[in-house]
**Q** 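Take this structure, written in structure tokens, and hold onto it; I'll ask about it next.
Side-chain atoms are counted along with the backbone in the values below, which use heavy atoms only and exclude waters and symmetry mates. When a ligand or atom number is given, it counts from 1 through the structure's own listing order.
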Amino acid sequence: MKKQGTVSRILQYVKPYKGWLATAMVCMVIAASMAGAQAYMVKPLLDEVFFKQDRTMLLLVPLLILGIFLVKGLFSYVYNYLLAKVGQSVILDLRNTLYSHIQSLPLSFFHKKPTGELISRIISDIALIQGAVSSVIVGILKDTCQILFLIGVIFYQDWRMASVAMLSMPLVVYPIVNFGRRHRKLSRGSQQTTAEVSNILYETITGNRIVKAFCMEKHEVDRFAEKLDKLFVIVMRNTRITAISRPLMEFLGGVGIALVVLYGGSQVLAGESTPGTFFSFITALIMIYEPMKKVSSVNNTLQQGIAAAERVFEILDVQPDVAEKTDATVLPPVRNAIEFNDVRFRYDAQTEVLKGINLKVEVGEVLALVGSSGGGKSTLANLIPRFFDVSSGSITIDGTDIRDVTFASLRSQIGIVTQQTILFNDTVRNNIAYGSADASWEQIREAARAAHALGFIEALPQGFETVIGESGARLSGGERQRLSIARAILKNAPILILDEATSSLDTESEREVQQAIENLVQSRTTFVIAHRLSTIRKADRIIVIQDGAIVEEGTHESLLARGGVYKMLYDMQFKDDAMELQGEGQPAA
Ligand SMILES: Nc1ncnc2c1ncn2[C@@H]1O[C@H](COP(=O)(O)OP(=O)(O)O)[C@@H](O)[C@H]1O
Ligand SMILES: [Mg+2]
């Protein structure tokens with residue numbers, strides 16, 4: 001399938017504004033024709049005023065000149081304003097479209113595309129498109145109009161001389177096209193490198209703690225410098241092309257003018273042409289080179305914009321592989337059970353991560369998933385809110401396949417607390433109320449209390465109104481975790497997923513969080529993934545997942561009695577814990 005041309009795709013975004021654009025173009029043609037009139041006025045000025053010494057013309061010509069400038073100025077104002085409006089509107093639409101498309105893409109997309117690169121596309125690539133859109137419309141159309149009017153003037157004044165001047169045209173057009181092509185190529189490279197730079201920035205600024213901890217400052221600085229060097233080389237190569245294209249064109253223009261002076265001057269001397277015609281001609285010719293040069297630099301901007309647009313469209317063309325059906329229904333509140341029917345899942349073609357999971361979880365049940373790391377527990381849990389779709393088999397809620405219902409009705413029923421807490425740089429209150437916009441002040445407080453978070457929140461300098469820093473940087477791990485739990489409590493969803501919610505915590509804050517979790521799981525269907533087996537003892541049922549399959553199932557006691565994988569995991573941890581206790585007892589070495 002051949003892709004739709006990039007330019008025509010950009011024009012799709014211009015379409016809604018064609019009314020303004022048409023008005024602008026009419027104004028532009030009028031303004032451009034005034035440039036032709038300016039050049040033309042040289043003839044009556046010389047021939048009538050100076051040679052024929054016509055006094056009425058002496059008054060008339062200045063008045064006409066004033067009129068020409070007035071009309072030109074007025075219409076320039078209108079079209080410049082309108083064109084900017086069209087250009088900015090297109091950019092506004094494009095940025096909104098891109099952002100909402102990115103938001104609609106499944107989680108897997110964000111695993112593949114670096115964050116900094118996405119940011120760079122939304123900000124810097126779209127800015128380049130903006131340059132192209134406004135300069136194409138403003139520049140190419142206006143300057144081409146002007147060139148045409150001025151060419152009209154020179155042919156009107158003396159077609160033979162005009163033909164001589166036109167001979168140098170191909171000489172000028174060739175470099176424009178050629179440079180443009182090279183420019184686009186380089187521009188693609190420079191935008192890609194900019195994206196890489198922006199990605200390094202993003203990673204190392206958000207992950208600065210790790211950079212410091214591993215003494216990688218120098219390494220990161222070098223990596224950054226290396227990318228900047230690459231960018232520098234590309235930009236300089238580009239500059240060389242731009243810088244050479246101007247003088248080259250001017251020189252070629254000069255060749256044309258020199259030819260005309262030679263030929264036209266001899267015509268005037270021979271009495272076959274008037275000085276007025278000659279100077280009007282030369283004026284028009286000199287005036288042509290200005291818009292001509294602009295067309296060439298506009299071409300560079302245009303090529304840059306096209307390269308940027310290709311990168312933006314590439315993202316717009318990503319089809320979400322987890323999408324809502326057009327006839328998706330609303331899932332009613334869960335009443336009976338969540339079922340996994342022979343669920344298989346693979347992230348990529350090679351390895352199957354889940355190998356035929358069959359599982360029925362009754363409403364109100366607390367199901368614990370245990371097993372060694374990499375077994376597929378998180379993957380299994382991520383299938384329930386459809387962060388990913390099953391590769392085969394199905395997941396049903398009360399018998400309805402979750403792929404048949406709307407995202408909103410499914411996800412609003414699921415509360416998630418993971419090991420990695422996601423908090424925003426906002427107030428404590430807004431972080432708790434994220435996704436529950438209509439929660440009352442009392443409900444927010446109540447959620448914080450149930451999450452064992454009220455104490456530390458009230459000790460913060462501005463209490464609930466304290467801004468917690470990016471990703472909650474100003475809070476401890478346990479505090480962040482309790483805020484996430486408060487958020488889940490407030491959401492009050494009937495299904496709950498706890499993925500290692502307490503794993504990263506020390507024993508003391510774990511105890512606090514554990515109590516918060518006990519408040520949370522009451523009367524909810526809960527999937528709890530826990531590393532420390534002590535935290536799941538009270539679960540109604542425990543399943544052991546090994547290598548993508550359920551290998552054991554039962555209660556804590558029955559599994560211990562069975563003496564299988566669970567018992568082994570338990571013994572291992574028990575030994576670790578005992579060693580830890582011993583270690584605490586010994587004096588520091
Ligand atoms: N986004 C991903 N893309 C590709 N493979 C993944 C992704 N996430 C996890 N995996 C792989 O899937 C397997 C199961 O991972 P996971 O479900 O996180 O295990 P667990 O939570 O039991 O530790 C692992 O082998 C892991 O490497
Ligand atoms: Mg996991």
**Q** Looking at Ala549 and Ile357, what are the two nearest heavy atoms and their distance?
**A** CA-CD1, 4.2 Å
**Q** Does a salt bridge link Glu217 with Lys212, judged by any charged N lying under 4.0 Å from a carboxylate O?
**A** no
**Q** Mind checking the CG-CG spacing from Leu186 to Asn238? Nearest 0.5 Å is all I need.
**A** 4.5 Å
**Q** Would you call Lys325 and Asp401 a salt bridge, using N to O less than 4.0 angstrom?
**A** no
**Q** Looking only at distance, does Thr379 have an N or O less than 3.5 Å from an N or O of ligand 1?
**A** yes
**Q** List every atom of ligand 1 that sits less than 4.0 Å from any heavy atom of Val353, numbering the atoms from 1 in the order shown and giving each element.
**A** 12 (O), 13 (C), 14 (C)
**Q** Evaluate the ring planes of Tyr566 and His556, with Trp represented by its six-membered ring, and classify them as parallel (under 30°), tilted (30 to 60°) or perpendicular (over 60°).
**A** perpendicular
**Q** Report the nearest protein non-hydrogen atom to atom 25 (O) of ligand 1: residue, atom name, distance rounded to 0.1 Å.
**A** Gly374 O, 3.9 Å
**Q** For Ser373, take its heavy atoms, then give the atoms of ligand 1 lying under 4.0 Å from any of them.
**A** 23 (O)
**Q** Just to confirm my output: which protein heavy-atom neighbour is closest to atom 19 (O) of ligand 1, and how far is it?
**A** Gly376 N, 3.2 Å
**Q** Please tell me if atom 27 (O) of ligand 1 is touched by the protein, where touching means a protein heavy-atom distance below 4.0 Å.
**A** no
**Q** Less than 4.0 Å between a side-chain N and a carboxylate O, is that true for Arg223 and Glu220?
**A** yes
**Q** Any donor-acceptor pair under 3.5 Å linking the side chain of Lys377 with the backbone of Val528?
**A** no
**Q** Between the Mg ion (ligand 2) and Ser378, is there an N, O or S atom separated by less than 2.8 Å?
**A** yes
**Q** Name the closest protein heavy atom to atom 1 (N) of ligand 1, giving the residue it belongs to and the distance to 0.1 Å.
**A** His111 ND1, 3.2 Å
**Q** Heavy-atom contacts under 4.0 Å between Lys377 and ligand 1: side chain, backbone, both, or neither?
**A** both
**Q** Nearest protein heavy atom to atom 10 (N) of ligand 1, by residue and atom, and its distance?
**A** Tyr347 CE1, 3.3 Å
**Q** Quick check: does Gly375 get an N/O under 3.5 Å from an N/O on ligand 1?
**A** yes
**Q** Regarding Glu117 and Arg121, does a basic nitrogen lie under 4.0 Å from an acidic carboxylate oxygen?
**A** yes
**Q** How far is atom 18 (O) of ligand 1 from the closest protein heavy atom, and which atom is that?
**A** Ser378 CB, 3.7 Å
